[in-house]
Amino acid sequence: MDKKMLTIDLNSHVLLDKAEKDGVETMYDRKLGFKSQCGFGLQGNCCRICGMGPCRISPKTPRGLCGADEHVIVGRNFARMVAGGTAAHSDHARDIAHTLALSSKDGNYKIRDEAKLISLAKDWDVETEDRDIYDIAHEVADIALMEFGKPHGVSRFLKYAPKQRQEVWKQYAIEPRAIDREIATIMHSTHIGCTADIDSLIHLSLRTSLADGWCGSMMGTRLSDILFGTPTPRRTEANLAVLEESKVNILLHGHEPSLSEMIVLAAEDPELLELAKEVGADGINLAGMCCTGNEVTMRHGVKIAGDFHQQELALVTGAVEAMIVDVQCIFPALAKVADCYHTKFVTTSPKAKITGSTYIEFTEENAYEDAKKIVKEAVLNFKNRDKEKVLIPELKSAATVGFSVEAVINKLDNVVNSQIDPAGTVKPLVDCLKSGVLRGAAAVVGCNNAKGVSNEAHVTIMKELIKNDIIVVSTGCGAQAAAKFGLMDEDAAQKYAGKGLATVCQLVGIPPVLHMGSCVDISRILETVAAVANYLDMDMCDIPAVGIAPEWMSEKAVAIGCYVVASGIDTYLGIMPPVTGSSRAVEILCGELEEKVGAKFTVNENCHELAATIISDIEKKRVHFEKLVEEKMMANAEA
Ligand code: SF4
Ligand code: SF4
């Protein structure tokens, strides 16, 4: 098979040819090298959690050595994926909370959104009157840090959900307590000789995932906005052509904004800009990949170089002086690819050291100086660039990014009749949903997965949805696919959207696919659906809104899928998770959960069929939604 069949991104095609010419191995070569993947692993019924194993389930050996059957083994593996994903998002949030604790008037980290801090402080009963903003910040940070291990109570963020949803969580006993506790409980319960009941394992998975969505991720997003500013709409560009031949190109890859925000500042430092000139460059060009890319594009409009599957190809351009990374989704293979060019592959976090990289530790205590040191390495490396080896592909797209919940509401105010309605609410969105001008809303999120064709499912599904008047919001590498393929550009609505959505986009002044940020920012999507549900006095499961992860791959995505379902939002996957080894696991996840939490998973690896199912399910959901709207109107009229 031609490697180029594995991605629809034309820049990637150009660079796959170059990689071949340069003798560089990429993920695409490794994918073709794996003739077939292990069927036991694919189905989730291989266990290696104790030294008696590994054990695998087949008709001849229906139980592991301890007697665990396929349901127990699949359930334990699934729960551990959820725990891994929740741990990643939550440790990210913990670092941001520590950064908030370090913030100071004269320090590296300042409070950029005082109103958001005050509002959170009030919600948490922190005294705000006549107090220094940094004293408030430090107290809020301490309370946030307690969310990881507090001995009593449940997540403080649950109260932002509609009361009906909170009731469901209480009734089904999935209110998450402390974040670390939920993760530890899964690791305990999935130890040999502990939980051996698939229903319980999925129940544990849902509770832990809610500790991610309605605590870790939500905290990460809120505290990042407080520290670095709540995003507002801004213009940018996406795809590898954002690299510049005449400038020092620095790629930011990973997840946490504490590092990337400082690199953005350091890249504007006059001393380093002068140094760039001295080494013969016209300046410093920053570009982002994966979720770090999303964080800095949302807040600064930093250009988007590419997504998860383009990380190696970015280096194959031969034009990258440094790839600076922190944690999560970083291919260890980057060390080898960087070796084939002049690129410095700089790791910065003690949590993610990679053999073969240049390790320059970044500490929040010494943030600006550390960031300058890293940028300096990149600038000095410009003179080592081999011009013969440079090939920057041509394609890039314009995009508007920066749609935080606040920014969405602000845009909606463009269509509020100030004589009748107050500004600053989701009413215009609710009105569009009620009237049916917008048929529904979909969050298309998640990664790229080598099991499919990179970007194909994202782009196909988004185009189908917007054509059918379903507004799309996106985060993570899904958002980067949308930006690369022009779906976040101003004119995208006229080109691709149905009449209803195109009109809404024109009046409100938005593209049909809204960039809401990084993976932790899926909490922004939860908050938007919660705001609509609260406005209508409904539960989240009553709203014609869905979650879709067409190309998911990470454990974080599994945790996300679970908390989205547990929040009452139907979730559609384009890649089958490793659960098919247990018929009970499939029955629960794709069926029975609906009775318990009001939503379930649907999986289809054919993206055209998946899009058709989503559209038809949204229409079915509308019947229920419209009936509820009518009932509420009648009740109001009678009252
Ligand atoms: S826990 Fe049971 S199924 Fe798993 S490896 Fe050990 S003996 Fe085998
Ligand atoms: S969307 Fe997936 S691949 Fe992309 S940064 Fe998030 S977890 Fe990683």
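Throughout, numbering of the chain's residues begins at 1 and tracks the sequence. Counting convention: from 1, in listed order, for ligands and their atoms alike. Keep in mind it's a predicted model, so treat the numbers as computed, not measured.
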Indicate whether the side chain of Thr26 and that of Asp29 have a donor and an acceptor atom separated by less than 3.5 Å. yes
Below 4.0 angstrom from a heavy atom of Lys556, which ligand 2 atoms are there? Numbered from 1 as shown, please. 7 (S), 8 (Fe)
Ligand 2 contact on Cys329 by region, counting heavy-atom pairs under 4.0 Å: side chain
Atoms of ligand 1 under 4.0 Å from any heavy atom of Gly53, numbered from 1 in the order shown, are 5 (S)
Indicate, as side chain, backbone, both or neither, the part of Cys519 found under 4.0 angstrom from ligand 2 when only non-hydrogen atoms are considered. side chain
Looking only at heavy atoms, is any part of Arg76 under 4.0 Å from ligand 1, and if so is it the side chain, the backbone, or both, or is it neither? side chain
Report, in ascending order of atom number, the atoms of ligand 2 lying under 4.0 Å from any heavy atom of Met553. 3 (S)
Identify, by atom number and element, the atoms of ligand 2 in contact range of Gly446, meaning under 4.0 Å from any of its heavy atoms. 1 (S)
Give the minimum heavy-atom separation between Leu465 and Ile548, together with the two atoms involved. CD1-CD1, 3.6 Å
If you count the atoms of ligand 2 from 1 in the order shown, which ones are under 4.0 Å from a heavy atom of Cys290? 5 (S)
Going by heavy atoms, is Gln480 under 4.0 Å from ligand 2? no
protein heavy-atom neighbour closest to atom 5 (S) of ligand 2 works out as His255 NE2, 3.3 Å
Phe601 and Tyr572 aromatic centres sub-6.0 Å: no
Are a donor atom and an acceptor atom from the side chains of Thr297 and Asn294 found within less than 3.5 Å of each other? no
So for Ser554, does at least one of its heavy atoms come nearer than 4.0 angstrom to any atom of ligand 2? yes
Taking the six-membered ring of Tyr28 as reference, does the cationic atom of Lys3 (NZ for Lys, CZ for Arg) lie under 6.0 Å from its centre and within 45° of its axis? no
Around atom 7 (S) of ligand 1, find the nearest protein heavy atom and jot down its residue, atom name and distance. Cys66 N, 3.4 Å
Determine, step by step, whether His255 and Asp326 satisfy the side chain to side chain donor-acceptor pair (under 3.5 Å) criterion, reporting the C-alpha distance in whole Å, the side-chain angles of both residues, the deciding distance to 0.1 Å, and the verdict. CA-CA 7 Å; His255 280 77; Asp326 53 17; 5.1 Å; no
How about Phe78 and Ser582: do any of their side-chain heavy atoms sit closer than 4.5 Å? no
Please could you name the atoms of ligand 2 that Cys291 approaches to less than 4.0 Å, counting only its heavy atoms? 5 (S), 6 (Fe)
Which atoms of ligand 1 sit under 4.0 Å from any heavy atom of Ile192? 1 (S)
protein heavy-atom neighbour closest to atom 6 (Fe) of ligand 1 works out as Cys50 SG, 2.4 Å
Under 4.0 Å, heavy atoms only, figure out whether ligand 2 is touched by the backbone of Gln328, its side chain, both or neither. neither
Proximal ligand 1 atoms for Cys47, defined as those under 4.0 Å from one of its heavy atoms: 1 (S), 3 (S), 4 (Fe), 5 (S)
Which atoms from ligand 2 have a heavy atom of Cys477 less than 4.0 Å away? 1 (S), 3 (S), 4 (Fe), 5 (S)
For Ser397 and Gly486 the tightest heavy-atom approach is OG-N, 3.8 Å
Classify the contact between Cys447 and ligand 2 as side chain, backbone, both or neither, using a heavy-atom distance cut-off of under 4.0 Å. both
For Thr571 versus Gly561, what's the shortest heavy-atom pair and its separation? OG1-O, 4.0 Å
Would you say Leu526 and Tyr563 make side-chain contact, with heavy atoms under 4.5 Å? yes
Near Cys55, which atoms of ligand 1 are under 4.0 Å from a heavy atom of that residue? 3 (S), 5 (S), 7 (S), 8 (Fe)
Are Thr236 and Met488 close enough, and set up right, to give a side-chain contact (heavy atoms from CB on, under 4.5 Å), and what steps lead you there? CA-CA 10 Å; Thr236 192; Met488 290 175 166; over 6 Å; no
In terms of heavy-atom contacts, Gln328 and Lys556 come closest through OE1-NZ, 2.8 Å
